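Chain A is the first sequence line, chain B the second, and so forth, proteins listed ahead of strands; every chain is numbered from 1. Predicted, not measured: the structure shown is a model, and the values here were computed from it.
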There are 2 protein chains.
Amino acid sequence: MFNEADKSYPIELVADFLGINSRTLYYYEKFSLVCPLRRGRKRYYSKEDINWLEYVRELMYEHGMNLRSIIILIKRRDAVILDRCPEDVVLCFKNYLARKDNMAKKIKIEEEDEPVKDVK
Amino acid sequence: MFNEADKSYPIELVADFLGINSRTLYYYEKFSLVCPLRRGRKRYYSKEDINWLEYVRELMYEHGMNLRSIIILIKRRDAVILDRCPEDVVLCFKNYLARKDNMAKKIKIEEEDEPVKDVK
DNA sequence: ACTTCAATTTCACTATAAGTGAAAAACATT
DNA sequence: AATGTTTTTCACTTATAGTGAAATTGAAGT
């Protein structure tokens, strides 16, 4: 029976399917973004690998993320990024959002003279 | 009393403190990475803004993330990136990690001929 | 209103990352 | 050893991040 995790698709087929160059797949491998099975020196990819790569492409092209960010984000998730992120940075961030909101309103009203009260 | 959220630091001071160019702060503003208070046309930053910017710099230079990724990551957090991420991609990813592990071992043993059994 | 001075914006350039074509190298098979 | 295919290397291209310098804008004083 075929399995999503079975590594059976050769590189050219995967590249064609994704509409990318096979060189790009080698390139991604350098960053450990995907690890095909190697039988002898040939590479074989699974359906899962393909889904995964599609997702990576989406993150890059629809969200403008770079390769490293994707690796960090997915691998270590918020562990590194936010759990490790100190309380006061989280606080700053909330404040930043409030400020931004405030500012957006301000720009609409087009009053630039009197300073805005701080949101606490 | 002074407050972390008080916007009182002018741009040049902030830039100097962070060791960056003030142009970079304008640049970040374009991406809404920070929103100083504008009194007249002058910009004022808070201590929180400075902490926030330090964190952004850290993500960029220690983790190799790009501006967009940081915006996405922090703003919408895993909501967009992972909650929205379909089950099978998560699965692929787990599998990918297993595969990678497997591969690392393999490279150590330096056997490249017989195919590895799939980890299920 | 005009001048001055500093803050801001625009323009243009540099450096690094992402991606790819083509040539060279490396295997496996006959 | 020769052939054919996969992989690697080299070099080039485009996009993003960052910054200097010039041009512009706006506030304040006169």
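Distances shorter than 4.0 Å separate none of the side-chain N or O atoms of B:T24 from OP1 or OP2 on D:dG18. Between A:R39 and the phosphate of D:dT6, there is no side-chain N or O to OP1/OP2 separation shorter than 4.0 Å. For B:Y61, no side-chain nitrogen or oxygen approaches OP1 or OP2 of D:dA17 to under 4.0 Å. Of the side-chain N and O atoms in A:Y27, none sit less than 4.0 angstrom from OP1 or OP2 of D:dT9.
With sequence neighbours excluded, the residues that form a side chain to side chain contact (heavy atoms under 4.5 Å, CB included) with A:R23 are A:N21, A:Y26. With sequence neighbours left out, the side chain to side chain donor-acceptor pair (under 3.5 Å) criterion links B:E54 to no other residue.
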Interface polar pairs with nucleotides 6-8 of chain C, N/O, under 3.5 angstrom:
unit_1 : atom_1 : unit_2 : atom_2 : d
C:dA6  : N3     : B:R41  : NH2    : 3.3
C:dA7  : N3     : B:R41  : NH1    : 3.3
C:dT8  : OP1    : B:R41  : O      : 2.6
C:dT8  : OP1    : B:R43  : N      : 3.1
C:dT8  : OP1    : B:R43  : NH1    : 2.9
C:dT8  : OP2    : B:Y26  : OH     : 2.5
C:dT8  : O5'    : B:Y26  : OH     : 3.3
C:dT8  : O5'    : B:R43  : NH1    : 3.2

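Residue A:L67 contributes atom CG, which lies 13 Å from atom C1' of D:dT16 at whole-angstrom precision. Rounded to whole angstrom, the span from the OH atom of A:Y45 across to the C1' atom of D:dT7 amounts to 11 Å. If you measure from atom CG of B:N66 to atom C1' of D:dA15, you get 11 Å, rounded to the nearest angstrom. At whole-Å resolution of the value, CG in A:L13 and C1' in D:dT5 are 16 Å apart. Rounded to whole angstrom, the span from the CD1 atom of B:I70 across to the C1' atom of D:dA17 amounts to 11 Å. Nucleotide C:dA18 holds its P atom 7 Å from the CZ atom of A:R68, rounded to whole Å. A straight line from OH of A:Y9 to P of D:dT6 spans 18 Å, rounded to a whole angstrom. The nearest whole Å value for the distance from the CG atom in B:L25 to the P atom in C:dT9 is 12 Å.
Ion pairing between a basic and an acidic side chain is recognised when a charged N comes within 4.0 Å of a carboxylate O; B:D49 and B:K7 show such pairing.
Residue B:E58 holds its CD atom at 10.0 Å from CD1 of B:I70, rounded to the nearest 0.5 Å.
In this structure the side chain of B:R38 never reaches within 4.5 angstrom of the side chain of B:Y44, judged on heavy atoms. Side-chain contact between A:N66 and B:S69: present, with at least one pair of heavy atoms (C-beta onward) separated by less than 4.5 Å.
Here the nucleotide nearest the side chain of A:R23, chosen from D:dT9, C:dG19, D:dA21, is D:dT9.
Dense packing is recorded around OH of A:Y28, with more than 12 heavy atoms of other residues, nucleotides or ligands lying under 6.0 Å away.
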